[in-house]
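This report concerns only the one structure given below.
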Amino acid sequence: MKPDELRNLAQKEDELRKSYRYRINVCCSSGCMPFGALKVLSAFKDAVKESGVEEECYVARTGCIGTCSIAPAVLVEPGDYLYQNVTPEKAKEIVKEHIVNNRPVKSMLYGNEAYFKKQLRIVLRNAGKIDPLRIEDYIAVGGYYALLKALTRMTPEGVIEEVALSGLKGRGGAGFLTGLKWRYVARATGSPKYVIANLDEGDPGVFANRTLAEADPHAIIEGMTIAAYAVGASKGYIYVRSEYPLAVETLKKAIEAAKSMGLLGEKIFETAFSFDIELRLGAGAFVAGEETAILASIEGRRAMPRPRPPYPAQSGLWGKPTLINNVETLANIPVILLKGSEWFSSIGTKNCTGTKCFSLTGKVNNPGLIEVPMGITLREVVFEIGGGVPPGRRFKAVQVGGPSGGFLPEQLLDLPIDYESLTKAGAIMGSGGIVVLDDTSCMVDTAKFFTEFCVDESCGKCTPCRAGLYKLYKILDGFTQGEGDIQDLDKVEDLCEFIKEASLCGLGQTAPNPTLTTLKYFRDEYVSHIVEKKCPAGKCFKDGGGAGS
Amino acid sequence: MSKTVELTIDGKKVAAKEGDNILKVARENNIYIPALCYLEGVSSLGGCRVCVVEIRGSPKVFASCVTPVAEGMEVITDSERLRRYRKWAIELLLAERPHVCSVCVANGNCELQQLATELGVDHLRVDRKWTNYELDLTHERFAYDPNRCILCTRCIRVCDEVEGVHAIDLMLRGKNSKVIFDLDDKWGFAESCTSCGKCSAVCPVGALYVKGKPLSEVKKKELVSFVMSRRSEKTIG
Amino acid sequence: MPDGVQQTGLKTDRRLTLLEAAIKKHQYRKDALLEILHIAQELYGYLDKDLLTHISKLLRLPPSHVYGVATFYNLFKLKKPGAHVVTVCMGTACYVKGAEEIVSAIERDFNVKRGGTTPDGKLSLFVTRCIGACAMAPNTIVDGETIGKATPDEVLKKIRAVVGVEKVEAR
Amino acid sequence: MAKVRLATVWLSGCSGCHMSFLDQDEKLLELAGEIELVYSPIADVKNFPENVDITLVEGAVGNEEQLELLKRIRKNTKILVALGDCAVNGNVTALRNSLNNSVEEVLKKAYVENATLKQNTPTHVPRLLKKALALNEAVKVDFYVPGCPPSANLINYVLNELLEGRTPALEGRFKYG
């Protein structure tokens, strides 16, 4: 593709978009699909045809709008009217009233403005507003312009500098400065170099990356291609969980579309830069998201992490310099290049710029996929965006960071969300899960649940994680059945310290967090289980023994 | 030519080849660091975590078998914390499968047993797991008891890197991991196995052994050095 | 097929042709093992030892390596699954909202353990970590159809309708 | 000065640890000056007494009677010492724990399959526990003396340290098996 062709196509698409008075975006992401989104989509198409408004109204199949609690969700533009729990029957009425008679159906609208008020959508800028399967849709909203800019008007070092100045940190969890990582790979000797986009989001209850891939795959591809240009890579892999069939399908089609348009492949935009992307499927291993394990998995081996150094930047795939970024990190890149690092670094906090996507789930009134500026407090997320816990229930704890994130109590809710504050409190940013618990959840049982998850997902290479976590699980399981005595709590803390400090990779190093934080902030619940043989939440002691509440 | 770096281990100044790991350098200088999965001559795993050390300036601990030396590095091989961690590592390995020394072929020649003595692991604070893997006696010369395996993968590495066969690997993962021959076949029917015996020679415990002989007679240590000398011949040749 | 590769116990059929074509397309590259295992499972439904032996020979990988990889990843099935498959999501959101009760109810009523298949081969029960429909938790997938916000009774009813049996008595 | 009240107990074990205790030979005479043996398989005392200073327990906890006894021992003893591998970690006694239906399988093997006369499992004896337990799986244990059996020297060392009011340092001194 020539630079002019991109501009022409964008203009043409923009005009086409503007020629419609209405645009109906039907969310067909994994969250809405199981609840009949495709039927709703075809109902809208039929209704538009039957009503004879085809020329005025465009019906689009889009990715996630973000309000998963009202699935299937439908967004009508202009005006961003959001309809909830849409059925084929409702679709008919919406077309009749809203499109034909220009009277939005108030009774079907999602009236929750607070849900969006504190959100800021950078990564999810296009989610729910474009058809992920049409590359033209992405180009119409300015897609691939950043790549054009990078390839034709910036040096690789210039790109790295811009990303470094933006202060962007890796969104996969560890929060390493992206610009710095790119620089390491750019300076490493060895050829070829590789870029890996990490979409192995295996955390239970986390679906931000998947949603991104389903809603805006080209943002990932564009960010990845820019990264490749910056570090001098010629080949890229997107490593995606095979449990995400829709994301896999969407990415596959997006890569094909980009190739057929010449946005991937040889001599992109008639420059000397060539880059190709291949999709690699995971097969059900949480640990494969760890950056050395992902290398093993792409090389067709057991996804067992290895010690670092050497870092993948020096010795990655097949021993070659390799850049590994989370897909959310990559999706930020095009915007940073187009709007500038200064704009980006003005968002969030001084040390932690930009936004973060979270899957907000658990005992919260408005679960869904949210994107918020860094530095927002947990209280704002849980109570304003999330709408608090269900009526009649009391907030108990919030877990941030996936299965190995810590649990934070009420008194820490004013903690700002950034890497440093969370780590200090015993939680982690992780890949972006926020799970809210109310007074019906038992903290001992919950710690046990997450420990069990990590036991199942441990690769088994190192002793602390393989054998230590299992013993930790057994002890916690004992507590929920009335076993153990109070001195066991010291033993648990000592064992947790060993696992945390001596494990080989991040999985083991963070796995004790749920136990350690619940011990720290909810110790009374442990004491109650062990001494009084009672579960305050009434969850444990199912098989006889002391009764619950 | 590789560069030489200078570092201190427990205050003692030593010179080392750049790229070598701390454990190897310590041993060359007669400084003892307990270790279990490490085996000189094959690649390091960094799995057992017995060989952890501290490096001044870092709050973390490092597995010395996989941490390369660096100029000016100050390594500490013994501290209250390190002893506590090493004890946990041994304790967890002992509790992971039913290690019963009194009826084990390796009794008296077992590295796990020896480390338990040395580190004072005189009891277990966690419940033991009494696994019941089937004893594999199908090979005419060797035997394999998975109930005694500590998953150090020495056998896997020596079979792959020294014998060049890779008849052994791990199946499953995490706590369910198990050392297998071919497709979890019985040893005697594993077609890839060349019956060279290196795996049983390097097994630090009594999981892989030569039938009919107590390990004290096999003189394990000598066999190990035999294996390693073969390796160097191979590399040179 | 490259020279010297022995046929194993696999029947020469369309599936084998497709599998071998896929391996060829990947140029017999060892690092394509995961891709090949995905394809093989799609074609055969599960990965038995003959199939794995054949793949190991074609890719010139040690059998123990192939077996190690196939058993490392949860998604690869080494045993034949049941005629009907029920998968209960055990992601955090579903767990918090009672997925465990659903699994226990199925285990009890159909005499099947998680990860296993009923003795008559009619029903397999799996648990999975997060299918991503967290807002509709707890979720159960019965033969590909997702049931959101489900109670154990609703799920049991659905399974009975699909499998066509009332209950499997414990032996 | 009053003598230290010592007890030794034999639970599910082979009595090898007691043999090793006796192997202290002439050192036993030295000990005799300082201790009073208040309960032991080698002394004819029916009930476990109160106010015991040190109790050495050999063997794992195999049946309900032993569990009861151990609890009484704990209650009546200041310093409880697990003597030998069976008491420390179950050892051979606990090998039966690896069998799936531990108790039934063990009894069947011993009293039915391998019996020539009266092939049935005994009923008028204390019931076996589901799993044989190391002492610290049932009660709090103060000191551990591993070995199968622990050497007479080690037993002597530990006893002397305890008599002197010191904590025995086991590192490098003992050997499992």
Side-chain angles (χ1 to χ4, degrees), chain A residues 29-35 67-71 201-207 210-211 242-244 246-247 280-286 288 297-304 317-318 359-363 366-369 399 402-403 433 435-437 440-441 446 449-450 453 456-457 459-460, chain C residues 26 29-39 41-42 47 55 59 61 64-77 87 89-101 104 115 126-137 139-141 144-150:
Chain A
S29 69
S30 295
C32 284
M33 287 280 249
F35 306 101
T67 50
C68 310
S69 60
I70 55 163
E201 180 184 50
D203 317 27
V206 179
F207 49 90
R210 185 204 61 200
T211 309
S242 52
E243 291 95 323
Y244 287 175
L246 186 60
R280 281 295 168 103
L281 300 192
F286 174 65
S297 193
I298 292 178
E299 291 174 7
R301 295 184 283 122
R302 293 162 62 86
M304 313 258 271
L317 271 183
W318 297 287
S359 345
L360 180 59
T361 57
K363 302 288 182 62
N366 313 321
L369 174 71
Q399 185 198 31
V435 182
V436 180
L437 301 180
T440 57
S441 299
T446 310
F449 170 74
F450 286 105
F453 173 84
D456 285 349
E457 297 298 337
C459 82
Chain C
H26 280 91
R29 286 175 59 147
K30 296 183 197 313
D31 59 83
L33 177 59
L34 257 85
E35 308 294 304
I36 301 302
L37 291 177
H38 273 300
I39 293 165
Q41 178 156 298
E42 224 165 83
L47 307 168
I55 291 170
L59 294 179
L61 281 167
S64 62
H65 174 96
V66 174
Y67 202 72
V69 170
T71 54
F72 184 90
Y73 297 93
N74 272 358
L75 231 68
F76 296 130
K77 304 269 171 267
T87 308
C89 178
M90 276 287 220
T92 308
C94 292
Y95 182 77
V96 168
K97 293 196 174 171
E100 180 65 42
E101 279 87 59
S104 311
F126 296 112
V127 295
T128 179
R129 301 289 184 181
C130 199
I131 58 163
C134 306
M136 307 304 278
N139 291 288
T140 308
I141 307 168
E145 188 189 333
T146 306
I147 311 169
K149 293 188 179 172

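As a basis for the values below, the full set of heavy atoms in this structure was taken, side chains included, without hydrogen atoms, waters or symmetry mates. First the proteins, then the strands, lettered A, B, ... as listed; each starts at 1.
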Ranked by heavy-atom pairs below 4.5 Å to chain C, first place among A/Phe207, A/Phe35, A/Phe286, A/Tyr244 goes to A/Phe35
Here the pair of heavy atoms bringing A/Ala303 nearest to C/Phe72 is O-CZ, 3.3 Å
Requested in this report: Please check if the side chain of C/His38 supplies one atom and the backbone of A/Gly282 the other of a donor-acceptor pair under 3.5 Å.
Outcome: yes
Output for pair (C/Glu35 CD, A/Ser242 OG), nearest 0.5 Å, gives 9.5 Å
Applying a strict 4.5 Å limit to non-hydrogen atoms, the region of A/Cys459 in contact with chain C is both
Under 4.5 Å to a heavy atom of chain C? For A/Phe450 that would be side chain
When the 4.5 angstrom heavy-atom criterion is applied to A/Asn366 and chain C, the contacting part is neither
With chain A, the option among C/Leu59, C/Thr128, C/Leu33, C/Val69 that has the most non-hydrogen atom pairs under 4.5 Å is C/Val69
Heavy-atom closest pair (A/Ser441 atom, C/Val96 atom, distance to 0.1 Å) is OG-CG1, 4.3 Å
For C/Thr146 and A/Pro34, the nearest pair of non-hydrogen atoms, with its separation, is CB-CB, 3.4 Å
Rounded to the nearest 0.5 Å, the CG atom of A/Leu437 sits from the OG1 atom of C/Thr92 at a distance of 9.0 Å
Heaviest contributor of heavy-atom pairs below 4.5 Å to chain A, chosen from C/Lys30, C/Lys149, C/His65, C/Glu145, is C/His65
What one should report as the nearest heavy-atom pair of C/Tyr73 and A/Ser297 is OH-OG, 2.9 Å
One should read off an interatomic distance between C/Leu75 CG and A/Glu243 CD, to the nearest 0.5 angstrom, of 5.0 Å
Rounding to 0.5 Å, atoms CG (A/Leu317) and CG (C/Asp31) come to a distance of 9.0 Å
Ranking A/Ser359, A/Gly300, A/Ala71 by heavy-atom pairs under 4.5 Å to chain C gives rank one to A/Gly300
Turns out that what part of A/Ile298 lies under 4.5 Å from chain C's heavy atoms comes down to backbone
Separation between CZ (A/Phe449) and CE (C/Met90), nearest 0.5 Å, reads 6.5 Å
Whatever's closer than 4.5 Å to a heavy atom in chain C on A/Glu457 counts as side chain
The interface call for A/Arg302 against chain C, heavy-atom contacts under 4.5 Å, is both
Checked A/Lys363, A/Met304, A/Glu201 vs chain C; the most non-hydrogen pairs under 4.5 Å come from A/Lys363
Of the listed A/Pro367, A/Gly433, A/Gly368, A/Ala283, the one with the largest count of heavy-atom pairs under 4.5 Å with chain C is A/Ala283
Closest non-hydrogen contact found for C/Ala93 with A/Gly362 is CB-N, 4.3 Å
Bottom line for A/Thr211: the part with an atom under 4.5 Å from chain C's heavy atoms is neither
